[in-house]
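Residue numbers start from 1 in every chain, and the chains themselves are labelled A, B, ... in the order their sequence lines are given, proteins ahead of strands.
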There are 2 protein chains.
Amino acid sequence: MGISRDKGRTTTSGRIYDTLRQDLVNGRFVAGEKVAISALKEYYGVGLSPLREALNRLAAYGLLEQESQRGFRVPRLDRRELDDIAEMRRELEGMALERAIRFGDAEWESELLAAAHRLKRADMVPEAVDEWERLHTRFHRTLVAPCGSVWLLRFIEQLHDQFDRYRRMAPEAPEVRRVLDAQHGELVTLALERDIKGARELMDDHVRRSYEVALKGAMSGAD
Amino acid sequence: MGISRDKGRTTTSGRIYDTLRQDLVNGRFVAGEKVAISALKEYYGVGLSPLREALNRLAAYGLLEQESQRGFRVPRLDRRELDDIAEMRRELEGMALERAIRFGDAEWESELLAAAHRLKRADMVPEAVDEWERLHTRFHRTLVAPCGSVWLLRFIEQLHDQFDRYRRMAPEAPEVRRVLDAQHGELVTLALERDIKGARELMDDHVRRSYEVALKGAMSGAD
DNA sequence: TAGCGTTATAAAATCGATTATTTATCCAGG
DNA sequence: CCTGGATAAATAATCGATTTTATAACGCTA
């Protein structure tokens with residue numbers, strides 16, 4: 001292997017897409033605001049065409065809204081939308097986790113342990129938030145990876161991005177954070193024990209608690 | 001109301017997006033083939049920029065594949081992918097139907113009856129396939145509309161488009177078609193009776209039979 | 001003649017400028 | 001004053017041309 005670590009990072013359009021996606025999920029844009037295209041153009045130092053192509057993709061993905069002759073807009077944070085996203089996460093990740101536990105092999109077990117360990121290590125370094133986020137995303141992805149459905153995984157990833165928009169807006173909540181972090185380990189334990197029912201219940205609780213945290217991120221926006 | 005029947009149809013980019021989406025779902029492109037951008041440009045009589053923006057959106061939506069420096073490609077028809085799509089349809093539409101039956105009000109009942117009636121009428125006119133397809137899509141959309149989750153509806157729509165790519169490739173199957181058409185009416189009956197279990201079972205069977213038909217569309221492509 | 005580098009061709013991606021549309025500004029009439 | 005309509009400024013959308021990258025064609029060497 002080697003070369004094909006692409007995914008769009010070769011082209012300007014692809015690079016700016018990745019960057020913007022990150023920045024949108026991390027709440028670096030004001031929710032509800034219009035996207036000033038020429039400002040972005042300056043800020044990221046890219047041309048108009050690749051930028052617009054990226055914006056179009058992001059709109060189709062759901063991280064931007066597109067209005068006919070008036071450009072793009074960062075979706076506003078809305079409590080009911082967060083409810084929707086969280087509930088869908090419970091449904092779909094529960095489903096995916098059950099299947100992953102059914103189908104996951106020994107290799108999966110190893111990767112899962114590794115991902116959980118990396119995440120736990122990152123828990124202790126509060127300054128490297130971005131790295132923690134990366135590992136957190138990766139852990140959850142690993143957890144459901146062998147569910148056998150690319151569409152299910154796709155939907156879950158999309159919901160994660162949406163959910164994280166809210167969570168990353170929310171203020172720190174160290175006590176809940178500790179519980180959530182502990183649950184990652186417990187999820188691994190239950191997965192390795194192939195305890196479907198237990199794992200689903202815990203995942204349900206995990207999302208529910210995360211929702212409580214994220215909810216405080218929706219408060220800043222309109223309601 | 002009146003003016004805002006937009007959705008993108010005002011702009012060239014939006015129009016070509018709608019057109020291409022239709023044409024992709026209806027199998028007017030050879031699965032697995034590369035998209036000849038300049039050919040499309042000629043054929044639809046549009047400029048390069050709006051066309052590329054539309055292609056980018058379609059790729060994000062899943063009706064096209066995008067490879068880094070080599071443009072766009074129509075996804076090939078693959079049996080396992082169809083399996084995935086069909087199974088997801090069963091899961092998600094079952095879920096949505098259950099909620100729709102819970103939350104749907106009297107207005108929904110009326111619209112559902114109307115949609116089913118329109119579809120039944122269209123059954124009898126075999127020449128107007130496109131109109132039938134439109135009404136069929138609309139019927140299924142109406143059925144699950146009041147489920148209360150915009151994300152669930154969004155995923156279902158996406159899966160429908162994917163599924164229809166296969167189904168529209170498949171040869172006619174009049175005997176199965178009759179059963180499927182009858183099931184639309186039965187679904188309405190069960191929905192009005194608020195028979196959640198019965199409706200879900202029937203929906204499951206409906207998708208399963210449609211899958212059997214669509215499967216013959218996947219045969220033409222590679223496997 | 002089977003590889004392998006080189007050049008020619010085709011296609012994708014991007015740029016810079018133009019056109020169309022919306023939004024803001026200003027002024028006249030009620 | 002407030003409202004509505006015309007004009008000006010700003011922004012979105014599109015075009016035509018250029019640059020970059022991939023693919024095909026070719027000829028050379030072993």
Side-chain angles (χ1 to χ4, degrees), chain A residues 1-21 23-24 29-76, chain B residues 1-21 24 29-61 63-76:
Chain A
M1 70 157 71
I3 307 153
S4 79
R5 261 282 168 266
D6 275 15
K7 191 89 184 194
R9 266 163 288 285
T10 320
T11 163
T12 310
S13 170
R15 265 196 313 274
I16 191 64
Y17 172 84
D18 286 343
T19 309
L20 279 174
R21 175 178 155 175
D23 289 354
L24 282 163
F29 292 90
V30 184
E33 288 274 291
K34 234 167 75 61
V35 185
I37 302 189
S38 55
L40 288 195
K41 185 174 104 78
E42 298 301 318
Y43 184 73
Y44 293 105
V46 295
L48 212 73
S49 319
L51 178 56
R52 282 189 59 91
E53 291 189 7
L55 293 174
N56 270 280
R57 281 206 266 164
L58 287 163
Y61 185 68
L63 280 174
L64 285 176
E65 286 166 1
Q66 193 166 19
E67 294 167 283
S68 209
Q69 310 267 38
R70 54 197 68 166
F72 299 85
R73 174 176 297 280
V74 183
R76 58 179 75 260
Chain B
M1 71 156 72
I3 306 152
S4 78
R5 261 280 169 265
D6 275 15
K7 192 86 184 196
R9 265 164 287 285
T10 319
T11 163
T12 310
S13 170
R15 263 195 315 273
I16 191 64
Y17 172 83
D18 286 343
T19 308
L20 279 173
R21 175 176 154 176
L24 282 163
F29 292 90
V30 182
E33 288 274 290
K34 234 168 74 62
V35 185
I37 302 189
S38 54
L40 288 195
K41 186 173 103 80
E42 297 302 320
Y43 184 72
Y44 292 105
V46 295
L48 210 72
S49 320
L51 178 57
R52 282 190 59 90
E53 291 188 7
L55 293 174
N56 271 280
R57 283 206 265 162
L58 287 163
Y61 185 68
L63 280 174
L64 285 176
E65 286 166 359
Q66 193 165 18
E67 294 167 283
S68 209
Q69 312 265 34
R70 54 198 69 167
F72 299 85
R73 176 175 296 278
V74 183
R76 59 179 73 260

Sequence neighbours excluded, the answer for side chain to side chain donor-acceptor pair (under 3.5 Å) partners of A/E67 is A/R73

The reported gap from CD in A/Q66 to CG in A/L64 (rounded to nearest 0.5 angstrom) is 8.5 Å

Please give, in whole Å, the distance from C/dA11 C1' to B/L55 CG?
14 Å

Between P of D/dT11 and CD of A/E42, the distance in whole Å:
12 Å

One character per nucleotide, please: for nucleotides 12-25 of chain D, 5' to 3', B when the base has a protein heavy atom closer than 4.0 Å, S when only the sugar-phosphate does, - otherwise.
SSBB-----SSS--

Exercise answer: donor-acceptor pairs, residues 29-44 of chain B side-chain atoms, under 3.5 Å, sequence neighbours excluded:
| from | atom 1 | to | atom 2 | distance (Å) |
| --- | --- | --- | --- | --- |
| B/Y44 | OH | B/D23 | OD2 | 2.6 |

Intermediate values then yes/no, side chain to side chain contact (heavy atoms under 4.5 Å, CB included), A/L51 and A/L20
CA-CA 10 Å; A/L51 178 56; A/L20 279 174; 4.0 Å; yes

Are B/T11 and A/S68 close enough that a side-chain donor and a side-chain acceptor fall under 3.5 Å?
no

